[in-house]
Amino acid sequence: MAGETLLNQRYELVAQQGSGGMSVIYRALDRMLGRIVAVKILRPNLTKGSEGPAFVERFQQEARTFAMMSHPNIVTIHDVGSDGATYYIVMEMIDGDDLKKLIKTRGALPIDKALDLGIQICAALGFAHRSQMVHADVKPQNVLINRDGVVKVTDFGIAQALTDTLPQTRSEVVWGSPHYFSPEQAKGEKPTPASDVYSIGIVLFEMFTGRLPYVGRAPKELAIAHLRGKIPIAKDFNPDLPEALSNVIAKVMSKRPNDRYKHADQLGHILQEIRERSRQSARGIAPGRLAPPTVAAQQPARRQPHPPAPQPRDHSGVRATGAIPIPRRPAAPPAAEANATSPPLPGLAPIPRSPLRNPDGTINVEATGGYTGPFVPKRQAKGEGADIVTIILVILAFLAVAGLAPLYLLGVFPLL
């Protein structure tokens with residue numbers, strides 16, 4: 001380090017916050033931006049030796065990759081750099097404790113609290129899995145909880161950078177921490193999102209029971225337990241645990257990756273459903289049913305003491321005012337519709353369109369023999385003469401009535 005408490009004339013180390021197998025974490029002041037940050041300094045044994053430069057390059061590449069991720073449950077990376085032989089990564093400062101300290105202090109966590117933390121862990125890792133990234137070192141020490149109860153997952157990529165720089169001895173390298181790594185990691189295989197899901201299962205087991213599922217005096221014993229040991233049932237150590245939740249934890253701790261959930265998002269959705277059912281049960285609601293409606297929705301509609309009597313309405317739908325309603329004359333249909341054949345009523349033949357009018361509604365002069373008056377006579381057949389007999393009878397009837405009129409006036413009819 002160029003100075004004991006200053007990195008690159010910018011980050012002033014204030015106090016040590018914690019340490020792990022690969023790094024030491026300091027609380028620091030960013031003099032350039034005037035803010036408090038966390039500085040993670042890699043241990044010298046990782047950066048020296050023949051593999052040191054390769055590891056540093058891989059570590060910086062991983063750090064830059066994860067610095068591009070922006071998620072409320074993932075610690076934000078601000079900077080990656082070095083000062084001489086000191087390599088460091090600058091992150092946001094989280095005021096709070098890690099999940100490991102919380103479990104050591106309180107033991108088994110309340111079910112609702114542990115579910116909430118588990119859902120947030122799954123949200124962080126699910127986001128990484130959708131970005132084709134694997135954490136490879138999921139453990140409570142890498143789960144930070146701020147003062148507001150928000151989870152912040154940290155240390156993405158460091159374990160992967162360490163192992164990727166030693167391909168010739170990969171089978172001898174154990175990914176992650178021995179208490180939390182997956183069976184495939186115990187065999188030296190490259191981890192997948194399902195490997196992170198397994199590690200989340202170990203963390204869930206520890207949160208709900210206050211203890212680890214597998215214990216051993218050496219990493220080799222722990223590796224054998226992950227590979228061959230019987231899967232412990234969380235409900236056996238915490239009888240208050242719902243059966244469904246205990247089964248989910250056992251599922252994600254399966255030895256074969258295909259028997260687990262493939263991504264953290266899937267596990268997160270299951271935990272959300274269990275939490276909702278648990279909260280409904282605490283409120284006395286039958287599981288699987290929706291929450292009751294709000295108070296406003298439960299209140300019945302107010303009834304009027306004397307509902308007004310129905311008022312008569314006229315044909316137009318307007319409330320009557322005492323005047324005699326005048327029925328409206330229906331609007332005349334368009335010419336094309338007026339001349340169309342009327343649909344037949346049940347049992348009646350259709351009424352044909354009148355041949356005395358044109359399609360536009362005007363009188364067909366040819367059909368009326370040239371007459372266009374208000375009354376159109378019946379059309380006569382072509383060449384047919386007037387009915388002379390009918391005309392004569394009409395005239396005689398008229399003369400007979402005219403002849404009787406004077407007799408009526410003279411008083412003849414009463415004498416008859």
Side-chain angles (χ1 to χ4, degrees), residues 13-28 36-43 62-63 66-67 69 71-78 88-128 134-160 162 175-182 196-215 222 249 264 267-268 271:
L13 305 183
V14 177
Q16 181 175 331
Q17 292 291 112
S19 63
M22 292 181 288
S23 63
V24 180
I25 305 173
Y26 292 89
R27 183 184 184 91
I36 298 297
V37 295
V39 177
K40 183 185 293 289
I41 299 178
L42 297 179
R43 292 191 178 276
E62 288 292 320
F66 285 101
M69 294 194 306
H71 191 274
N73 297 121
I74 297 178
V75 172
T76 301
I77 297 177
H78 296 313
Y88 62 88
I89 178 172
V90 182
M91 306 173 295
E92 66 171 316
M93 185 66 198
I94 306 300
D95 290 326
D97 291 326
D98 61 60
L99 181 56
K100 189 68 174 181
K101 292 180 181 178
L102 181 62
I103 296 175
K104 285 183 177 180
T105 302
R106 302 185 57 177
L109 304 181
I111 293 177
D112 192 76
K113 176 65 175 179
L115 280 172
D116 180 66
L117 297 178
I119 291 170
Q120 294 187 66
I121 295 171
C122 290
L125 294 173
F127 181 82
V134 178
H135 189 290
D137 193 18
V138 178
K139 56 186 178 182
Q141 293 88 332
N142 288 336
V143 177
L144 309 180
I145 307 171
N146 67 14
R147 303 301 180 189
D148 297 326
V150 178
V151 166
K152 296 282 187 176
V153 180
T154 186
D155 269 7
F156 280 88
I158 294 182
Q160 189 159 341
L162 177 63
W175 297 74
S177 301
H179 287 97
Y180 303 93
F181 56 33
S182 64
D196 283 349
V197 171
Y198 180 93
S199 299
I200 296 174
I202 304 294
V203 174
L204 291 175
F205 187 99
E206 188 175 7
M207 282 197 295
F208 288 112
T209 64
R211 53 161 291 166
L212 287 164
Y214 304 114
V215 293
L222 290 171
I249 297 174
L267 175 57
L271 295 180

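Note that the structure is a prediction, hence the values are computed from the model and not measured.
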K.L.:
Which residues pass the salt bridge (Lys or Arg N to Asp or Glu O under 4.0 Å) test with Asp97, not counting sequence neighbours?
P.N.:
none
K.L.:
Does a donor on one side chain and an acceptor on the other come within less than 3.5 Å for Asn73 and Gln120?
P.N.:
yes
K.L.:
Let's go through Phe156 and Leu125 carefully: what are the C-alpha distance in whole Å and the side-chain angles of both, what is the deciding distance for side-chain contact (heavy atoms from CB on, under 4.5 Å) to 0.1 Å, and is it a yes or a no?
P.N.:
CA-CA 10 Å; Phe156 280 88; Leu125 294 173; 3.9 Å; yes
K.L.:
Looking only at heavy atoms, which two atoms of Val150 and Pro72 are closest? And how far apart?
P.N.:
CG1-O, 4.0 Å
K.L.:
Are side-chain heavy atoms of Leu271 and Asp116 found at a separation under 4.5 Å?
P.N.:
no
K.L.:
Ile202 and His179: which non-hydrogen atoms are nearest, and at how many Å?
P.N.:
CG2-O, 3.5 Å
K.L.:
Could you go through the salt bridge (charged side-chain N to carboxylate O under 4.0 Å, His left out) check for Asp155 and Lys40 one step at a time?
P.N.:
CA-CA 9 Å; Asp155 269 7; Lys40 183 185 293 289; 2.8 Å; yes
K.L.:
Heavy atoms, side chains only, cut-off 4.5 Å: are Phe208 and Ile111 in contact?
P.N.:
yes
K.L.:
Given side chains that start at C-beta, do those of Met91 and Thr76 come closer than 4.5 Å, heavy atoms only?
P.N.:
no
K.L.:
Does the side chain of Leu99 come within less than 4.5 Å of Met207's, by heavy atoms?
P.N.:
yes
K.L.:
Please check: side-chain N/O of Gln17 versus main-chain N/O of Tyr26, any donor-acceptor pairing under 3.5 Å?
P.N.:
no
K.L.:
If I compare all heavy atoms of Ala28 with all of Val39, which pair ends up nearest, and what's the gap?
P.N.:
CB-CG2, 3.6 Å
K.L.:
Ignoring hydrogens and geometry, is there a side-chain-to-backbone donor-acceptor pair from His135 to Thr154 under 3.5 Å?
P.N.:
yes
K.L.:
Pick from Ile121, Leu267, Leu117: which one makes a side chain to side chain contact (heavy atoms under 4.5 Å, CB included) with Leu204?
P.N.:
Leu267
K.L.:
Using a cut-off of 6.0 Å, state whether more than 12 heavy atoms not belonging to Arg106 lie near its atom CZ.
P.N.:
no
K.L.:
For a quick test of reading the model, state the closest non-hydrogen atom pair linking Ser182 to Ser199 and the distance between them.
P.N.:
N-OG, 4.5 Å
K.L.:
What's the shortest heavy-atom distance between Val215 and Leu222, and which atoms?
P.N.:
C-CD2, 3.5 Å
K.L.:
Over all heavy atoms of both residues, which pair between Ile145 and Ile94 is shortest? Give the atoms and the distance, please.
P.N.:
C-CG2, 4.4 Å
